[in-house]
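Numbers here simply count residues along the sequence, with the first being 1.
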Amino acid sequence: MNVTRTPLFQVDAFTSEPFAGNPAAVCLLREPRDAGWMQKVAGEMNLSETAFLVANGDGFDLRWFTPAREVPLCGHATLASAHTLWETGILAETDVARFFSASGELQARLGDHGIELNFPATPTEPGVISDAVRAAIPATPVDVRVVSRDLGEVNYLLELESEQAVRELAPNLEPLRAPGSPGVIVTARAADYDFVSRYFVPWAGIDEDPVTGSAHTVLGPYWADKLGRTRLTGF
């Protein structure tokens with residue numbers, strides 16, 4: 001019987017310690033596979049994200065799946081993908097990792113302080129909080145923003161009055177479990193960092209994501225504008 005082996009790795013991203021950070025699976029494909037197969041693999045891995053890579057010219061086609069659906073952008077699984085390519089020797093450490101995705105071309109490179117990701121800056125627009133989000137988030141935001149992505153994904157960014165309000169928030173996630181519900185980023189200015197944030201997206205199979213790269217494509221521009229700076233540290 002012929003058996004085709006597909007390499008599959010689990011990587012703890014956004015950390016230098018084992019069993020910390022945000023774990024992602026990375027699947028190295030020899031050829032493209034259909035979305036249904038990839039969704040089943042992601043469901044079996046049962047991590048917040050599973051990345052699927054297939055070589056394409058001088059880069060790699062990259063898609064991300066939660067246990068429930070495909071998403072248009074994922075930071076920690078992209079970080080994990082670049083790490084896997086360098087660790088396995090597919091790319092040399094001096095090579096730039098290029099990824100072709102639903103969010104355009106993304107790049108990763110090894111810098112002086114670890115892996116650097118070049119991600120898009122995602123603008124927000126002032127918005128009105130929906131009934132589902134209001135029912136889920138027991139706090140009164142001082143600012144409400146809406147961001148729309150490809151694949152029909154919608155997120156709210158809610159700035160709360162304090163770091164403590166973000167840390168102590170106990171959301172009721174049931175109103176956000178229905179298909180097509182928005183993801184919710186809550187954030188506030190912080191004492192030891194420029195801002196803190198949390199991200200909830202239960203309808204995609206993730207109640208709370210430990211560290212969310214895609215949310216920071218929203219948080220970066222938002223806080224850069226508010227604080228008048230372009231170099232920020234979030235927690």
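- Listed for the Thr6 side chain is no donor-acceptor partner under 3.5 Å among the backbone atoms of Leu29.
- Residues Ser103 and Pro120 share a closest heavy-atom pair of O-CG, 4.4 Å.
- Put simply, Val26 and Val54 are part of two different groups of oily side chains (I, L, V, M, F, W, Y) that touch within less than 4.5 Å, one to the next.
- Residue-environment remark: CZ (Arg229) exceeds the threshold of 12 foreign heavy atoms within 6.0 Å.
- In terms of heavy-atom proximity, Pro182 sits nearest to Val133 at CG-CG2, 3.6 Å.
- Taking the six-membered ring where tryptophan is involved, the planes of Phe195 and His216 are tilted, since the angle between them lies from 30° to 60°.
- Environment of NZ in Lys226: crowded, with over 12 heavy atoms of neighbouring residues, nucleotides or ligands closer than 6.0 Å.
- Summarising the geometry, atom CZ belonging to Phe119 is positioned 11.0 Å from atom CD belonging to Gln107; distances are rounded to the nearest 0.5 Å.
- Considering only heavy atoms from C-beta on, Val184 stays 4.5 Å or farther from Val201 through its side chain.
- Between atom OG of residue Ser214 and atom CD1 of residue Ile185 there is a gap of 7.0 Å, rounded to the nearest 0.5 Å.
- Centroid-to-centroid, the aromatic rings of Phe65 and Phe52 come within less than 6.0 Å.
- Considering CZ of Arg98 and CG of Leu91, their distance stands at 10.0 Å, rounded to 0.5 Å.
- Hydrophobic cluster membership differs between Leu28 and Val41, with clusters built from Ile, Leu, Val, Met, Phe, Trp and Tyr side chains linked at under 4.5 angstrom.
- Put simply, the side chain of Asp194 does not reach to within 4.5 Å of the side chain of Arg189, judged on heavy atoms.
- Atom OG of Ser181 sits about 5.5 Å away from atom CG of Leu176, to the nearest 0.5 Å.
- With respect to Glu163 and Arg167, a salt bridge is recorded, a charged nitrogen being found less than 4.0 Å from a carboxylate O.
- In the hydrophobic cluster analysis, where Ile, Leu, Val, Met, Phe, Trp and Tyr join through side-chain heavy atoms closer than 4.5 angstrom, Ile115 is grouped together with Leu62.
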Apply the test side chain to side chain donor-acceptor pair (under 3.5 Å) to residues Asp12 and Asn22: give CA-CA distance (whole Å), side-chain angles for both, the deciding distance (0.1 Å), then the verdict.
CA-CA 5 Å; Asp12 291 334; Asn22 197 357; over 6 Å; no

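- Considering Asp143, Thr122, Thr187 in turn, Asp143 is the only one that fulfils the side chain to side chain donor-acceptor pair (under 3.5 Å) rule with Tyr222.
- At least one side-chain heavy atom of Glu49 sits under 4.5 Å from a side-chain heavy atom of Thr66.
- In this structure, Thr50 OG1 and Gln39 CD are separated by 9.0 Å, a value rounded to the nearest 0.5 Å.
- Using a 4.5 Å cut-off on side-chain heavy atoms (C-beta onward), Asn155 and Tyr199 make contact.
- The nearest pair of heavy atoms linking Gly21 to Pro23 is O-CD, 3.9 Å.
- From Phe99, atom CZ reaches atom CG of Leu117 across 8.5 Å, with rounding to the nearest 0.5 Å.
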Tell me, with the steps shown, if Leu158 and Ile137 meet side-chain contact (heavy atoms from CB on, under 4.5 Å).
CA-CA 9 Å; Leu158 307 181; Ile137 306 300; 4.1 Å; yes

With side-chain contact (heavy atoms from CB on, under 4.5 Å) as the test, would you mind laying out the steps for Asp61 and Leu53 before giving the verdict?
CA-CA 6 Å; Asp61 291 333; Leu53 289 81; over 6 Å; no

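- Residues Ala102 and Pro72 approach most closely at CB-O, 4.0 Å, considering heavy atoms.
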Go through it in stages, so that I can follow the logic: the residues are Val146 and Tyr156, the test is side-chain contact (heavy atoms from CB on, under 4.5 Å), and I'd like the CA-CA distance, side-chain angles, deciding distance and then a yes or no.
CA-CA 5 Å; Val146 177; Tyr156 279 88; 3.7 Å; yes

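- Counting heavy atoms from C-beta outward, Thr212 and Leu219 have side chains that stay 4.5 Å or more apart.
- In this structure, Ala139 and Leu169 approach most closely via the heavy-atom pair CB-CD1, 4.2 Å.
- Residues Ile90 and Leu79 share a hydrophobic cluster, clusters being chains of Ile/Leu/Val/Met/Phe/Trp/Tyr side chains in contact below 4.5 Å.
- By the 30° and 60° cut-offs, the orientation of the rings of His76 relative to Phe14 is tilted.
- In this structure, the side chains of Gln10 and Leu47 come closer than 4.5 Å at one or more pairs of heavy atoms.
- Taking the side chain as every heavy atom from C-beta outward, Val71 and Arg69 approach each other to under 4.5 Å.
- Here the closest heavy-atom approach between residue Ala135 and residue Pro175 is recorded as CB-CG, 3.9 Å.
- Ion pair Arg145/Glu159 not flagged as a salt bridge, since none of the NZ, NE, NH1 or NH2 atoms sits closer than 4.0 Å to an Asp/Glu carboxylate oxygen.
- Counting non-hydrogen atoms of neighbouring residues, nucleotides and ligands closer than 6.0 angstrom, the CD atom of Glu208 exceeds 12 such neighbours.
- Heavy atoms from other residues, nucleotides or ligands lying under 6.0 Å from CG of Asn172 number more than 12.
- Around atom CD of Glu105, more than 12 heavy atoms belonging to other residues, nucleotides or ligands sit under 6.0 Å away.
- Placement of Trp203 and Val218 within a single hydrophobic cluster is found when ILVMFWY residues are connected by side-chain heavy-atom separations under 4.5 Å, directly or transitively.
- Counting only heavy atoms from C-beta outward, the side chains of Ser81 and Thr84 never approach each other to under 4.5 Å.
- In terms of modelled atom types and a separation under 3.5 Å, the side chain of Arg177 and the main chain of Gly205 share no donor-acceptor contact.
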CA sep, side-chain torsions, deciding dist, call: Ile206, Phe200, side-chain contact (heavy atoms from CB on, under 4.5 Å)
CA-CA 7 Å; Ile206 309 166; Phe200 308 100; over 6 Å; no

